[in-house]
Amino acid sequence: MAGRARAPRWFWGVAALILAWGAVGVFMFYTDRTMDEAAVARLSAYDRALRASQPFWQVWAYGVAVWTGLIGGVALVVRSRHAHPIFVVSLVAVVVVFGWAFVATDLIAVKGAWTATAFPIFIAAVAVFRIWFADHAQKRGWIG
């Protein structure tokens, strides 16, 4: 571990939040993909149809987005230089997931622009922030 600068305390707080965000993402993915028939039946007719129309690659992109977010968080906590490229992969997968939802479906028309886009915009902003933060930490010598 020689050659790395001592990371400030706030780095650890931000890294822990990023790691927790990744864990929540994986939990949400697991919850979504293991939803039983009764839970699916409680969804609106539109949400059931949207879920049924998801292409296999889109589900994979969702998994890649959240798992790389979690793995990138772990890489950040262990101060690995791999955090940055892992977060880049996560962002690309986020764009693929929401790109399909916004371009290939009528989600915005049905749910409304604010309802359909507010949380995805926040998710994308967090993904961009993680990349910036890992880059910032690497430039300061806190990870490497």
Side-chain angles (χ1 to χ4, degrees), residues 4-5 7-144:
R4 282 194 276 185
R9 287 185 190 168
W10 64 266
F11 166 85
W12 297 108
V14 173
L17 286 173
I18 289 172
L19 180 61
W21 177 260
V24 168
V26 168
F27 175 76
M28 295 309 296
F29 175 74
Y30 173 79
T31 302
D32 178 62
R33 300 320 310 164
T34 59
M35 198 179 288
D36 64 15
E37 289 181 29
V40 172
R42 287 190 298 271
L43 297 173
S44 70
Y46 178 80
D47 288 334
R48 284 192 309 271
L50 186 63
R51 182 179 174 82
S53 72
Q54 284 179 310
F56 186 70
W57 60 264
Q58 198 270 348
V59 175
W60 269 91
Y62 179 18
V64 168
V66 298
W67 278 102
T68 54
L70 178 62
I71 293 166
V74 170
L76 196 60
V77 168
V78 300
R79 300 176 68 185
S80 169
R81 64 182 169 82
H82 299 294
H84 183 271
I86 293 168
F87 286 143
V88 170
V89 171
S90 183
L91 175 61
V92 169
V94 165
V95 169
V96 168
V97 168
F98 293 124
W100 173 82
F102 297 144
V103 173
T105 73
D106 58 350
L107 181 67
I108 293 173
V110 171
K111 302 267 184 174
W114 177 253
T115 301
T117 63
F119 197 54
I121 289 170
F122 179 75
I123 290 169
V126 170
V128 169
F129 173 78
R130 293 182 309 193
I131 293 168
W132 172 84
F133 186 72
D135 183 59
H136 180 75
Q138 193 163 10
K139 286 178 181 173
R140 301 289 183 285
W142 304 334
I143 64 174

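Quick caveat: nothing in here was measured; it's all calculated off a predicted structure.
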Exercise. Does a sphere of radius 6.0 Å around CZ in Arg81 hold more than 12 heavy atoms from other residues, nucleotides or ligands, not counting ones at 6.0 Å or beyond?
Worked result: no
For this session: Report the distance from atom CH2 of Trp67 to atom OH of Tyr62, rounding to the nearest 0.5 Å.
Result: 12.0 Å
Exercise. Under a 4.5 Å cut-off applied to non-hydrogen side-chain atoms, are Val128 and Leu91 in contact?
Worked result: yes
Exercise. Are Trp21 and Phe87 an aromatic pair by the rule of ring centers under 6.0 Å?
Worked result: no
Exercise. Is a side-chain donor or acceptor of Arg79 paired with a backbone partner of Trp142 at a separation under 3.5 angstrom?
Worked result: yes
Problem set entry | Least distance between heavy atoms, Arg140 atom then Ala5 atom | O-CB, 3.6 Å
For this session: Looking only at non-hydrogen atoms, find the nearest pair between Ala75 and His82 and report the distance.
Result: CB-C, 4.4 Å
Problem set entry | Of Trp10, Trp12, Phe11, the residue whose pairing with Val14 passes side-chain contact (heavy atoms from CB on, under 4.5 Å) | Trp10
Exercise. In this structure, are over 12 heavy atoms from other groups packed under 6.0 Å from Trp114 atom CH2?
Worked result: no
Exercise. Looking only at heavy atoms, what is the nearest atom pair of Thr68 and Ala65, with distance?
Worked result: OG1-O, 3.4 Å
Exercise. In Å and rounded to the nearest 0.5 Å, what is the CG to CD1 distance from Leu76 to Ile143?
Worked result: 5.5 Å
Exercise. Between atom CZ of Arg33 and atom CE of Met35, what is the distance when rounded to the nearest 0.5 Å?
Worked result: 8.5 Å
Exercise. More than 12 non-hydrogen atoms from neighbouring residues, nucleotides or ligands closer than 6.0 Å to CZ on Phe27, yes or no?
Worked result: no
Exercise. Do Asp47 and Arg51 sit within salt-bridge range, that is, some charged N less than 4.0 Å from a carboxylate O?
Worked result: no
Problem set entry | Which atom of Val78 lies closest to which atom of Arg4, heavy atoms considered | O-NH1, 3.4 Å
Problem set entry | Minimum-distance pair of heavy atoms, taken over all atoms of Leu107 and Ala101 | CB-O, 3.8 Å
Problem set entry | Chi angles and distances behind the side-chain contact (heavy atoms from CB on, under 4.5 Å) call for Leu70, Val66 | CA-CA 6 Å; Leu70 178 62; Val66 298; over 6 Å; no
For this session: Give a yes or no on this: more than 12 heavy atoms of other residues, nucleotides or ligands lie within 6.0 Å of atom CH2 of Trp60.
Result: no
Seminar exercise, completed: Distance col, row His136:NE2 vs Ile131:CD1, nearest 0.5 angstrom, shows 15.5 Å
Problem set entry | Approximate separation, where rounding is to 0.5 Å, of Tyr46 OH and Thr105 OG1 | 4.5 Å
Exercise. How many angstroms lie between NE2 in His84 and CH2 in Trp132, if you round to the nearest 0.5 Å?
Worked result: 11.5 Å
